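Counting convention: from 1, in listed order, for ligands and their atoms alike. Owing to the predicted nature of the structure, the values given are computational and were not obtained by experimental measurement.
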Amino acid sequence: MMPEPDRNEALREEFNRWAEAGRGEGMEEEHLPIVLPVLDRMNLSPYENVLDVGSGAGWLVRLLAERLPEGRAIGMDISDEMVRRSRRRYVDVENAMFVVGSADEIPWDANFFTHAISVESAYYWSNPARGLREIHRVLREGGMAWILINFYFENPHSHQWAGHFATPAHLFGAGEWEALFRDAGFTNIAHLQIPDPTPAPESYAGRWFQDAAQLRAFRQAGALLVHGTK
Ligand SMILES: C[S@@+](CC[C@H](N)C(=O)[O-])C[C@H]1O[C@@H](n2cnc3c(N)ncnc32)[C@H](O)[C@@H]1O
């Protein structure tokens with residue numbers, strides 16, 4: 001296996017390519033239906049500080065910033081191109097900020113954030129155990145971590161993605177993610193599946209699913225949300 005610094009560099013290059021192709025912005029439409037129920041569960045107060053790990057094109061940071069008029073939303077991404085585009089797009093959002101950084105070495109002081117969320121990113125991290133320890137470090141006592149992913153063991157309709165990823169990805173089950181949370185020091189750990197209510201198209205010609213029926217089954221199984229408290 002590639003050493004971690006090389007894997008991180010491969011991730012940076014791959015997601016810089018995604019950013020340059022405009023794929024970051026396109027993810028808002030795809031991920032919003034599974035993210036909205038998580039925002040409801042987070043039950044944010046106006047003064048909280050929230051970190052989005054793997055913030056991509058920054059759309060979730062904008063949504064968070066709207067909910068945090070007295071607090072701050074910070075987006076962090078390993079792709080400097082994603083961060084550059086987010087900064088340019090959301091320059092007018094005063095309580096939003098974007099930084100380049102990796103989940104396994106978060107460039108922030110300990111005990112700062114009240115929540116950390118990560119959407120469709122954690123299975124790419126070169127070292128998810130270290131990423132969760134880092135999230136635990138930057139959260140305040142009582143702060144909560146929320147990891148949301150579509151590529152996981154209990155949703156068989158995502159397993160074929162492994163063959164399309166340019167960088168290696170972790171196909172863990174809910175129990176394995178929960179164990180990583182526990183080892184990182186979290187308590188009150190739980191998981192649930194969040195179905196995506198978006199109607200599937202009549203036909204599907206993309207490369208991520210075999211056909212429209214598989215896309216429908218994938219959305220019915222939904223995304224995996226794992227959360228825990230510091
Ligand atoms: C599929 S995109 C999702 C982006 C965004 N969360 C969204 O839902 O639109 C995955 C993102 O995770 C970022 N990423 C991957 N590995 C990372 C790491 N180790 N640390 C921080 N960000 C990472 C990528 O650069 C990319 O922007």
Starting from [atom], which protein heavy atom do you reach first, and at what distance in Å?
atom: atom 20 (N) of ligand 1; value: Ala103 N, 2.9 Å
atom: atom 14 (N) of ligand 1; value: Ser121 OG, 3.5 Å
atom: atom 18 (C) of ligand 1; value: Trp125 CD1, 3.5 Å
atom: atom 9 (O) of ligand 1; value: Trp59 NE1, 2.8 Å
atom: atom 10 (C) of ligand 1; value: Glu120 O, 3.3 Å
atom: atom 8 (O) of ligand 1; value: His31 ND1, 2.7 Å

Verify the distance criterion only: is there a donor paired with an acceptor across the side chains of [X] and [Y] at less than 3.5 Å?
X: Asn150; Y: Ser158; value: no
X: Asp104; Y: Ser126; value: yes
X: Asn49; Y: Thr114; value: no

Pair Phe218 and Trp161, ring centroids less than 6.0 Å apart: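 Between Phe218 and Trp161, the centre distance is under 6.0 Å.
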Centroid separation His170 to Phe151 less than 6.0 Å: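 Centroid separation for His170 and Phe151: 6.0 Å or greater.
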Show the atoms of ligand 1 that are less than 4.0 angstrom away from any heavy atom in [X].
X: Phe15; result: 10 (C), 24 (C), 25 (O), 26 (C)
X: Gly101; result: 20 (N), 21 (C)
X: Leu11; result: 16 (N)

N or O pair under 3.5 Å between Ile78 and ligand 1: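 By distance alone, the answer is yes.
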Geometric N/O contact Glu28 with ligand 1, under 3.5 angstrom: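 No - when backbone and side-chain N and O of Glu28 are compared with those of ligand 1, no distance drops under 3.5 Å.
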Per atom 4 (C) of ligand 1, closest listed option by heavy atom (Ser102, Gly54, Ala19):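 Closest candidate by heavy-atom distance is Gly54.
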Asp52, Val119, Asp104: member with heavy atom nearest to atom 3 (C) of ligand 1: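 Heavy atom nearest to atom 3 (C) of ligand 1 belongs to Val119.
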Contact check, Gly131 vs ligand 1, heavy-atom distance below 4.0 Å: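 False for this residue.
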Non-hydrogen atom of Asp77 closer than 4.0 Å to ligand 1: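 Flag set, Asp77 near ligand 1.
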Set of side-chain hydrogen bond (donor to acceptor under 3.5 Å, both in side chains) partners for Trp108, sequence neighbours left out: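 Trp108 satisfies side-chain hydrogen bond (donor to acceptor under 3.5 Å, both in side chains) with no residue once adjacent residues are dropped.
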Sidechain N-carboxylate O distance under 4.0 Å for Glu28, Arg62: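 Judged by the 4.0 Å cut-off on N to carboxylate O distance, Glu28 and Arg62 do form a salt bridge.
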Residue pair Val99 / Val83: nearest heavy atoms and the distance that separates them: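 Smallest interatomic distance, heavy atoms only, reads O-CG2, 3.5 Å.
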Report all side-chain donor-acceptor pairs from residues 200-211 shorter than 3.5 Å, counting only partners two or more places apart or in another chain.
unit_1	atom_1	unit_2	atom_2	d
Tyr204	OH	Trp208	N	3.1
Asp211	OD1	Ala213	N	3.2
Asp211	OD1	Gln214	N	2.9

Crowding at OH, Tyr47 (>12 non-hydrogen neighbours, <6.0 Å):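 No, the 6.0 Å shell around OH holds no more than 12 heavy atoms from other groups.
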